[in-house]
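Just below is one structure, and these are the notes that go with it.
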Amino acid sequence: MPPFRPILAALRYHKAGAILIALQVALTLAVICNAIFVIEQRLQRLSRDTGIAESELMVVNNKWVAPAAELPARQAADVAMLRALPGVADAYATNAYPLIGGAWQSGVRLDPTSKHFVSEGASIYFVDDHALNTLGVKIAEGRNFRSDEIGTLVPNGSPDAPSIIITRALAKRAFPEGHALGKAFYIGNSDSRPSTIIGIVEHVQTPQTDSGDDIYWEDSIFVPMHLTGSGAFFVVRAQPGQLNALLRSVPEALKALSARRVIPQPHGVMPFSQVRQIAYRSDRGLAWMLAGICVTLLVVTAAGIVGLTSFWVGQRRRQIGIRRALGATRRDILVYFLTENGLISMAGALAGVVLAFGLNAWMMRAFETSRLSLLYVGAGAVILLLLGQLAVLSPARRASRVPPVGAARTI
């Protein structure tokens, strides 16, 4: 059985060092538990499936330099040209696409007079009858838009089209009992017209990627309307093996059709892989930064334990030798230091658990993060305790090799 009483008695004479290590363990545990929790959430976001054929898509950010009256005709001409371009499977013009970072959002109600929104952050995609084919999205229920259903979105207009297509997640949110097809939505203001759900797609991610979209990240609505503004995004789907060629030919063809346009650089023409990389750049950077902080804290904590234990071994060399002379084995000395460090680390871990949940409570208020799972705290405590024991192992083994004769010579 480990000698707890002599260990506790010895620690009373080394309070400062023991408290310092315990506080270091507590702080490290509190930080790494919350950091790993945040990293795991970011990695989940990075791995989200957008629901579209990403590997075959490219986007063009196009802005026309022309009178407003010419814009509908220019957009129609551009889209027709893109669809006829060699290597293009399909194309359409829109206000937004998944992962762009921001778009038109609107509350959705089942009753125009109700103050309750079934979704407060549904994203609106203005599309035509080619959009689903371009994105590689299949209709799960209902049908696609017809060409005669595509309307026009005037400036300051409302997205309350007579017919809409929504994602299954939004359909389940609005109609938990099922049977959303054929039901009416009210998009936007209380004076909006009803929009009938004519189709349901399995899954299409919203444009938003920030932390505020975690509830509604699948709530997408396809509205059959052409844009009339001075800018639009062209989403182009390439035929197999043609994407790289289209990244060069599409902007050249658009400028050849009309030079009265601006395609901003450097991100005016992008494959969707680059869209994803840009969309999650901050999440990826935060994950790497927090991982670096965790590693640094663990290394510093381990180094602190090694340093303090080595110092104590040097101070107690005579006492260790005396114990060896009185019959203590090398194993007894090793167990002594491992137990001593274990007690200090456990005290720090208990304080760290309280700090971890306190830090998480503050983050929930300040940054709207999720509640920290007890699993992360338990795993973090086990990791720190194991790290502490590994860190103390080398100086403890060095202490166990102190010979009894060494003690006799110092008496």
Side-chain angles (χ1 to χ4, degrees), residues 50-54 56-60 62 64 71-98 100 103-104 106 108 122-154 157-168 170-171 180-185 187 193-207 219-229 231-239 246 250 253-254 257 272:
T50 56
I52 63 177
E54 295 187 22
E56 302 172 18
L57 296 177
M58 61 173 288
V59 294
V60 180
N62 179 83
W64 292 281
L71 296 180
R74 287 182 175 273
Q75 181 183 129
D78 287 346
V79 172
M81 182 274 296
L82 289 174
R83 290 172 183 165
L85 200 65
V88 172
D90 213 339
Y92 72 102
T94 186
N95 65 310
Y97 48 85
I100 188 178
W104 191 321
S106 180
V108 177
S123 293
I124 310 296
Y125 291 116
F126 296 111
V127 300
D128 60 17
D129 52 316
H130 288 254
L132 297 186
N133 182 60
T134 302
L135 294 174
V137 177
K138 303 296 183 182
I139 291 284
E141 296 181 42
R143 63 175 178 85
N144 194 6
F145 299 120
R146 298 190 306 266
S147 58
D148 62 311
E149 292 177 311
I150 312 302
T152 300
L153 180 67
V154 299
S158 175
D160 53 356
S163 58
I164 57 173
I165 295 174
I166 65 175
T167 54
R168 190 174 295 280
L170 181 54
L181 205 63
K183 301 291 181 61
F185 262 0
I187 303 173
R193 300 169 298 173
S195 299
T196 302
I197 302 169
I198 66 166
I200 298 174
V201 296
E202 199 62 45
H203 166 64
V204 175
Q205 188 171 343
T206 62
D219 287 5
S220 300
I221 302 176
F222 293 92
V223 176
M225 289 184 175
H226 288 299
L227 300 172
T228 58
F233 294 103
F234 294 127
V235 180
V236 181
R237 184 176 183 181
Q239 294 176 356
L246 289 179
V250 164
L254 287 170
L257 182 63
F272 206 88

Is the backbone N or O of [Y] less than 3.5 Å from a side-chain atom of [X], with the two atoms forming a donor-acceptor pair by type?
{"X": "Asp160", "Y": "Arg193", "result": "yes"}
{"X": "Thr134", "Y": "Val236", "result": "no"}
{"X": "Thr196", "Y": "Lys183", "result": "no"}
{"X": "Glu56", "Y": "Ala53", "result": "no"}

Under the side-chain contact (heavy atoms from CB on, under 4.5 Å) test, which residues partner [X], sequence neighbours left out?
{"X": "Pro194", "answer": "Ala184, Tyr186"}
{"X": "Glu202", "answer": "Ala140, Arg168"}
{"X": "Ala89", "answer": "Arg237, Gln239"}
{"X": "Ser106", "answer": "Trp104, Ile124, Ile187"}

Taking only residues at least two apart or on different chains, which pairs with a member in residues 122-138 satisfy salt bridge (Lys or Arg N to Asp or Glu O under 4.0 Å)? Arg83-Asp128
Measure the shortest side-chain to side-chain distance between [X] and [Y] over non-hydrogen atoms and say whether it is less than 4.5 angstrom.
{"X": "Pro98", "Y": "Ile52", "result": "yes"}
{"X": "Ser163", "Y": "Ser195", "result": "no"}
{"X": "Leu132", "Y": "Ile165", "result": "yes"}
{"X": "Phe222", "Y": "Val137", "result": "no"}
{"X": "Asn133", "Y": "Tyr92", "result": "no"}
{"X": "Met58", "Y": "Leu246", "result": "yes"}
{"X": "Ile221", "Y": "Val108", "result": "yes"}

Side chain to side chain contact (heavy atoms under 4.5 Å, CB included) for Val201 and Ile139? Distances and angles first, verdict last. CA-CA 5 Å; Val201 296; Ile139 291 284; 4.0 Å; yes
Check against side chain to side chain contact (heavy atoms under 4.5 Å, CB included), Val204 and Thr50: CA-CA 6 Å; Val204 175; Thr50 56; over 6 Å; no
Closest contact, heavy atoms only, [X] versus [Y]:
{"X": "Asp90", "Y": "His130", "result": "OD1-ND1, 2.9 Å"}
{"X": "Val223", "Y": "Pro159", "result": "CG1-O, 3.6 Å"}
{"X": "Ala96", "Y": "Phe233", "result": "N-CD1, 4.1 Å"}
{"X": "Ala91", "Y": "Val79", "result": "O-CG1, 4.1 Å"}
{"X": "Arg146", "Y": "Arg143", "result": "NH1-NH2, 3.2 Å"}
{"X": "Thr94", "Y": "Val127", "result": "OG1-CG1, 4.3 Å"}

If you round to the nearest 0.5 Å, how far is CE of Met81 from CG of Leu254? 4.0 Å
Working to the nearest 0.5 angstrom, can you tell me the gap between His226 NE2 and Leu153 CG?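 Separation between the atoms: 11.5 Å.
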Just to verify, what does Arg74 make a salt bridge (Lys or Arg N to Asp or Glu O under 4.0 Å) with, not counting sequence neighbours?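 Checked Arg74 against salt bridge (Lys or Arg N to Asp or Glu O under 4.0 Å); matches are Glu70.
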What about the rings of Tyr97 and Tyr125, do their centers lie closer together than 6.0 Å? no
Among Val60, Val59, Leu82, exactly one meets side-chain contact (heavy atoms from CB on, under 4.5 Å) together with Val235. Which residue is that? Val59
